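One structure below.
All chains are named by letter (A, B, ...) in the order of the sequence lines, taking the proteins before the strands, and each is independently numbered beginning at 1. Remember, predicted model here, so these are calculated numbers, not experimental data. Side chains are part of it too, since the values below use all heavy atoms of this structure and drop only hydrogens, waters and symmetry mates.
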Protein chains: 2
Amino acid sequence: MAELSRESGVAIATIKYYQREGLLPPGERTGPNQARYDQSHVQRLKLVRALLEVGGLSVAAVRDVVDEIDERNSTHNVLGVAQYSLPLRQVEVDDEARAWAMKQLAVVAEERDWRLLPGTPPTEALVSVLCSFRELGHARLLTVLDRYADVADRIAEADLDSVAGLDSTEAIVESAVVGTVLGDVLLAALRRLAQGAASRRRFADKTATS
Amino acid sequence: MAELSRESGVAIATIKYYQREGLLPPGERTGPNQARYDQSHVQRLKLVRALLEVGGLSVAAVRDVVDEIDERNSTHNVLGVAQYSLPLRQVEVDDEARAWAMKQLAVVAEERDWRLLPGTPPTEALVSVLCSFRELGHARLLTVLDRYADVADRIAEADLDSVAGLDSTEAIVESAVVGTVLGDVLLAALRRLAQGAASRRRFADKTATS
């Protein structure tokens, strides 16, 4: 276990905790106080750490992901369970507002063969944002929805390209989670720089008016 | 002031606080305990609230934005001060890592006429993400950088389109801040749905391997 800790960079106490929680299978017993760990344990450890620390998943959600792997479900299913569990910002909305938002989202999703799953963070976050736009008096910002959705398809293709070559489901899921969570920040920051350039082209010569 | 509070939906105590902090100009005195407020105060209030509550800016940063407006700087400058102040997630990085990240970002920015401003949230967030990719052993995820940057330009065009028709700098900046902050979440959530569809196309028939 000391060697596993060294190779993965995860502390021994943390490894023991993951084992107690069922996130990491036991090593092969070789003596009363000895167990053998192999490369699959190193990979699993990296995945669990990425899900918990980078992704912000709960221990229960991480257990769902590793169970999917252990049941040898498709890489798509494993990836789905992981990605759909990543937390996103959401607010409470009432039934009327939710119905209004879901109706608009259904159109966008159906056109693109996307699956809206009520109760999961992506769908709940979308409902929250649409309702917030309306409540803050910025319903006109919803005109961007279709263009954002087109762009999201292009981003997703880039994302999948960047992990498709990896050689195990664990490596694909780990990389996808890191790429998704940090990629959100990457995209947000690049967008600010691009907005700066676009604003310069449009507004640089216009004096502020109030 | 009671009427201003009613029309803007901002509590009287909050309006007084904004005035003490220099975020909202005084009304026109009409008596010892009376002042007249007009539509420009309503607009300013909405902007200040969006910057503080949606954008998460500090009071000092909000003051910079309203000062730019009052000095009648260009809409581009006001928008730049606001957008470049929106906080983004960042981590500490050492000098070597920072130099490595800035070098890669400089290439991306120069190609697109973007301005990298060290010390501002967008640039610091980009440096953080690039360094985190490398530190977590996922430097290959950086292959997405160029494609993300292209997409960011398209998003920025959609963003500017959605606010360009508004009739005052305050309305443009307010709407841009709301659209940028909530748009980050919108984009992140749409990306998850698009990834789900892309993953289905690529991985649905592949059994998990570890």
Side-chain angles (χ1 to χ4, degrees), chain A residues 40 69 72-76 78-79 83 88-89 113-115 122 125-126 129 132 136 138 141 143-144 147-149 151-156 158-160 162 168-170 175 178-179 182 184-200 202-204 206-210, chain B residues 40 69 72-76 78-79 83 88-89 113-115 122 125-126 129 132 136 138 141 143-144 147-149 151-156 158-160 162 168-170 175 178-179 182 184-200 202-204 206-210:
Chain A
S40 74
I69 293 178
R72 305 188 73 71
N73 279 318
S74 71
T75 299
H76 167 64
V78 181
L79 200 49
Q83 300 286 90
L88 286 167
R89 209 168 85 173
D113 198 24
W114 291 355
R115 298 206 182 146
L126 288 171
V129 170
S132 297
L136 293 166
H138 290 286
L141 290 174
T143 54
V144 301
R147 288 165 77 181
Y148 274 31
V151 155
D153 267 330
R154 289 184 52 176
I155 299 166
D159 290 337
L160 273 284
S162 75
S168 72
T169 299
E170 269 151 336
S175 193
V178 171
L182 297 182
D184 283 346
V185 182
L186 183 63
L187 206 55
L190 292 170
R191 180 182 174 215
R192 306 282 194 280
L193 300 187
Q195 285 176 336
S199 158
R200 198 158 56 240
R202 298 199 197 204
F203 296 128
K206 280 194 198 151
T207 295
T209 55
S210 63
Chain B
S40 74
I69 293 178
R72 305 188 73 70
N73 278 320
S74 71
T75 298
H76 167 65
V78 181
L79 201 49
Q83 300 285 89
L88 285 168
R89 209 168 83 171
D113 198 24
W114 290 356
R115 297 203 184 148
L126 288 171
V129 169
S132 296
L136 293 167
H138 290 285
L141 290 174
T143 53
V144 302
R147 289 164 77 181
Y148 274 31
V151 154
D153 267 330
R154 290 184 51 176
I155 300 167
D159 290 338
L160 272 284
S162 75
S168 73
T169 299
E170 270 151 334
S175 192
V178 171
L182 296 183
D184 284 346
V185 182
L186 183 62
L187 207 53
L190 292 171
R191 180 182 174 216
R192 304 283 194 280
L193 300 188
Q195 286 176 336
S199 158
R200 199 158 54 239
R202 297 198 198 204
F203 296 128
K206 279 193 199 150
T207 296
T209 55
S210 64

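Put simply, OG on Ser74(B) and CZ on Arg202(A) are 15.0 Å apart, with the number rounded to the nearest 0.5 Å. Rounding to the nearest 0.5 Å gives a distance of 12.0 Å between CZ of Arg200(A) and CG of Leu79(B). Rounded to the nearest 0.5 angstrom, Leu182(A) CG and Arg89(B) CZ are separated by 6.0 Å.
With a 4.5 Å cut-off on non-hydrogen atoms, Asn73(A) touches chain B through its backbone but not through its side chain. For Arg147(B), the part lying near chain A is the side chain, with the backbone staying farther off; criterion is any non-hydrogen pair under 4.5 Å. When heavy atoms are compared at a cutoff of 4.5 Å, Val178(A) approaches chain B by way of both its backbone and its side chain. In this structure, chain A has a heavy atom under 4.5 Å from the side chain of Leu88(B), while its backbone stays farther away.
Between Asp184(B) and Arg191(A) the shortest side-chain heavy-atom distance falls below 4.5 Å. Considering only heavy atoms from C-beta on, Phe203(B) comes within 4.5 Å of Leu160(A) through its side chain. Residues Leu126(A) and Leu193(B) have side chains in contact (heavy-atom distance under 4.5 Å, counting atoms from C-beta outward).
The minimum heavy-atom distance linking Ser162(B) with Thr143(A) is given by the pair CB-OG1, 4.0 Å. Taking all atoms of both residues into account, the shortest heavy-atom contact from Arg192(A) to Gln83(B) is CD-O, 3.8 Å.
Between chain A and the residues Ala197(B), Gly196(B), Gly179(B), the largest count of heavy-atom pairs under 4.5 Å involves Gly179(B). Across Val144(B), Asp153(B), Leu136(B), Leu187(B), the residue that shares the most heavy-atom pairs under 4.5 angstrom with chain A is Leu187(B).
The backbone N or O of Ser175(A) lies less than 3.5 Å from no partner atom in the side chain of His138(B), so there is not a single donor-acceptor pair.
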